[in-house]
Amino acid sequence: MSLRGKSVLLIIGGGIAAYKSLELVRRLRERGVRVRAILTRAGAEFVTALSVSSLTGEKTWQDLFSLTDEAEMGHIQLSRAADLLVVAPATADLMAKLAQGHASDLASTALLATDKPILLAPAMNVRMWNHAATQRNLARLTADGVISIGPNEGEMACGEFGPGRMAEPEEIVEAIETLLVRKATLAGRKALVTAGPTREPLDPVRYLANRSSGKQGYAIAAALAEAGADTTLVSGPVDLAPPPNVTLLKVETGCEMLDVCESVLPADVAVFAAAVADWRPESRADGKLKKRDGDAAPLIRLARNPDILATISRSKNRPALVIGFAAETENVVANGEEKRRRKGCDWIVANDVSAESGVMGGDSNRVHLISAAGVEDWPLMDKREVSRRLVERIGAALKRPAE
Ligand code: C5P
C-alpha cells in the first residue's frame, strides 16, 4: 500500500527548520501525495511562498482574510479536503495556539476547523522545548489526540545542544505513512472485545448497573478492525455508534455476555474491557415489585456473576492472547499485577479511575501495560490513541510465535 493519491495540508511555521519542510514537500510529492501548504507570517521570514509553491505545484495560502483565497477555497474546506494536517516546523507559538484553541490566523484556524488527524513536528530552542508551558501544551495536545514526532536531540542552529531539532523529512514521511496507510497487521486474525456495563435486572423495569461509558472498548474494537482483524464486539447497553467493520453483538447481563463470548470463540486475541457487574440480584421478579404502605423495604440478595475474563482465560478455547482491564482507585500497578495472575490472562491494562482522574466517561486515559515481562507506564492519551498503541502491541505479540 502506498501514499499515492493521499492529500496533506502542510503548515509551515516560523523557524529555521522551515527549510527542511521544502525537502519534506519534495519527498511527499515523489510518493504521489498532493500537498497544499499554509505558510505562516513567521514562516515566510524563513522560506518564501514562491519556493513552497514551486515544490507543491499549488498556490500557497497565507492570509485568513484574503478575499480571493476565500473565494477559491475557504479555510474550512482547505483543512477538511486533506487526509492529514502536518505542522512542520511546529513552533512553541503554534503549539500554544492549538492547545488553547485559538483561531487568530489562517494556520490556527485551519487546525481548529479540521476533523482530520494532526501530526506535529516540533522544532525550537531546547530551553523553549523544555519550558513547563511547552511541555504542558504538549501533554494537552497528546490528550486531545494530536500526534507528534520528534524533536530530535543534537546540535541546534542556535548553537545549543539538546532536544529541539525538527525530525528529518524522511522520518516525517514515515510517520505520515503510518498514519495514512492502513497497515493490515492483523489481517486473517480474529478478535473478540467486550465493552460497556452490564445490566442485572431486579424485575422487568429495574436493574443494577455501573457508569462505564464503553468508549475504551469501542475504540479498541475500531482499532482492531482498522488493523484488518475480523472483530466481534460484545457490548452491554451504551450510547455509542457501532464502530465501522465490526460485528456488534448487544447484550444486557453478565451471564448473557459470557454465553455470547463463548459462542464467538475461537479467536486469536480477546480484549475484555467491559465493566461486568460482579453481582446480580439472585432472583428476577416476573412482574414489577410493588411497594405497599406499611411494608418493610425489601432486601435484595445478590449472587456472584461469572467472571468472563477468568473463565475464558482458563477455557480449552483460550485465545492465544488474552487481555484484561483493571480499573483501580489505589495501588494501580500492584493490584493490576495481582489481577493478571489471579485471572490467568496475559496482559492487564491497568488504569486509575479515581474521581480526580476523570477517566470514567472521559476521552483520555493514563494506563499501565502489565505483562509477565514487566510494567510499561504510558502517558495520558486519548482513548483512541491508547487503542492504536495496544493494537500495535497485539500485532507484534501475535506475529512472534508464527515467525
Ligand atoms: O475483577 P475486576 O472486575 O476488577 O476485573 C476487571 C477485568 O475483568 C476486566 O478486564 C473485566 O472486563 C473483566 N471481568 C469480566 N467478568 C467479570 C468481572 C470482570 O470479564 N464478571
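Both ligands and their constituent atoms are indexed starting at 1 by order of listing.
Inspection of the E168 and N152 side chains reveals no N or O donor paired with an N or O acceptor under 3.5 Å. Side-chain contact check for N351 and N365: at least one donor-acceptor pair (N or O, by modelled atom type) lies under 3.5 Å.
Taking a cutoff of 4.0 Å between a charged side-chain nitrogen and a carboxylate oxygen, D93 and K97 qualify as a salt bridge. Look at K20 and E23 and you find no salt bridge, because none of the NZ, NE, NH1 or NH2 atoms lies under 4.0 Å from a carboxylate O. A salt bridge is defined here as a Lys NZ or Arg NE, NH1 or NH2 lying under 4.0 Å from an Asp or Glu carboxylate O, and E153 with R165 fails to meet this definition.
Judged by a 6.0 Å distance limit and a 45° cone about the ring axis, R389 is positioned over the six-membered ring of W378.
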Under 3.5 Å, N/O to N/O: give me all the pairs between ligand 1 and the protein, one per line with atom names and distance.
| unit_1 | atom_1 | unit_2 | atom_2 | d |
| --- | --- | --- | --- | --- |
| ligand 1 | 1 (O) | K343 | NZ | 2.9 |
| ligand 1 | 4 (O) | K339 | NZ | 2.4 |
| ligand 1 | 5 (O) | K343 | NZ | 3.0 |
| ligand 1 | 8 (O) | K343 | NZ | 3.1 |
| ligand 1 | 10 (O) | F272 | O | 2.6 |
| ligand 1 | 10 (O) | F325 | N | 2.7 |
| ligand 1 | 10 (O) | F325 | O | 3.3 |
| ligand 1 | 12 (O) | F272 | O | 3.1 |
| ligand 1 | 12 (O) | A274 | O | 2.6 |
| ligand 1 | 16 (N) | I308 | N | 3.0 |
| ligand 1 | 20 (O) | I308 | N | 3.4 |
| ligand 1 | 20 (O) | L309 | N | 2.8 |
| ligand 1 | 21 (N) | P306 | O | 2.8 |

